[in-house]
Colleague: 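Just passing along the structure, written as structure tokens.
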Amino acid sequence: MKPTNDDDTPVTISSARVESLPVSARVLALRHEAAVLRQEHQDLDASIQALEIMPVPDQILIARLKRKKLCLRDQIVEIEDQILPDIIA
């Protein structure tokens, strides 16, 4: 169930209010690092796709790139967990 106002209209959060929330330098650095890793992950994905359509794909190189891509994914998840940790209530 979505939160509603007194007149049963959905509650919305303006972007101005969200942007005014304090964010620590650590969180900003983590977000930047995650963005860089996501871009690298996308670049690896594009490289893997390009290699796979070649007439004779280099399976060893593709396997190495896929492993690196998985490692990047793990790093991204780890960083995202630091930004928004699971809180057991």
Side-chain angles (χ1 to χ4, degrees):
M1 178 180 264
K2 292 183 179 180
T4 58
N5 292 320
D6 293 334
D7 60 354
D8 290 330
T9 59
V11 173
T12 58
I13 300 173
S14 71
S15 61
R17 281 189 8 202
V18 172
E19 290 173 2
S20 67
L21 294 174
V23 178
S24 71
R26 180 177 177 272
V27 170
L28 289 175
L30 288 172
R31 286 182 184 168
H32 176 71
E33 187 177 349
V36 169
L37 291 175
R38 276 191 211 98
Q39 182 61 49
E40 193 174 339
H41 186 270
Q42 289 175 348
D43 292 345
L44 279 174
D45 192 42
S47 297
I48 291 167
Q49 289 177 0
L51 286 170
E52 287 175 336
I53 62 172
M54 294 183 84
V56 183
D58 184 350
Q59 294 299 327
I60 294 173
L61 179 58
I62 291 172
R64 286 180 182 159
L65 292 177
K66 285 183 177 182
R67 265 186 261 129
K68 181 170 174 120
K69 187 176 155 188
L70 285 172
C71 288
L72 285 174
R73 185 79 200 109
D74 291 342
Q75 290 175 348
I76 293 168
V77 168
E78 198 173 299
I79 290 171
E80 288 173 346
D81 286 346
Q82 290 177 23
I83 295 171
L84 282 173
D86 287 339
I87 298 174
I88 300 172

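FYI, side chains are in, hydrogens and waters are out, and symmetry mates aren't considered; it's all heavy atoms of this structure.
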Colleague: Which residues satisfy the side chain to side chain contact (heavy atoms under 4.5 Å, CB included) test with I53, sequence neighbours excluded?
Modeller: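 Counting only residues at least two positions away or on another chain, I53 forms no side chain to side chain contact (heavy atoms under 4.5 Å, CB included).
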Colleague: Going by the rule side chain to side chain contact (heavy atoms under 4.5 Å, CB included), which residues pair with D43 if we only count those two or more places apart in sequence or in a different chain?
Modeller: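 Counting only residues at least two positions away or on another chain, D43 forms a side chain to side chain contact (heavy atoms under 4.5 Å, CB included) with Q39.
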Colleague: Find out if a path of hydrophobic residues (ILVMFWY) with successive side-chain heavy-atom gaps under 4.5 Å connects L61 to L44.
Modeller: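 Shared cluster, yes.
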Colleague: Would a single hydrophobic cluster contain both L30 and V77, if residues Ile, Leu, Val, Met, Phe, Trp and Tyr are joined by side-chain heavy-atom contacts under 4.5 Å?
Modeller: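 No; L30 is not reachable from V77 via cluster members.
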Colleague: Please check if M54 and I48 belong to a single hydrophobic cluster, counting links between Ile, Leu, Val, Met, Phe, Trp and Tyr side chain heavy atoms closer than 4.5 Å.
Modeller: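 Looking at the clustering, I48 is in the same group as M54.
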Colleague: Could you tell me whether Q82 atom CD has more than 12 heavy atoms of other residues or ligands within 6.0 Å of it?
Modeller: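 Buried by this count: over 12 neighbours within 6.0 Å.
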Colleague: Strictly by salt bridge (charged side-chain N to carboxylate O under 4.0 Å, His left out), give each pair with a member in residues 23-39 just once, sequence neighbours left out.
Modeller: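 Sorted result for residues 23-39: R38-E80.
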Colleague: Check residues 65-74 and write down every donor-acceptor pair under 3.5 Å in which the side-chain atom is one partner and the other belongs to a residue at least two apart or another chain.
Modeller:
from	atom 1	to	atom 2	distance (Å)
K66	NZ	E52	OE2	3.4
K69	NZ	D45	OD1	2.7

Colleague: Which pair of heavy atoms, one from L51 and one from P57, lies closest together, and at what distance?
Modeller: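 For L51 and P57, the tightest heavy-atom pair comes out as O-CB, 3.3 Å.
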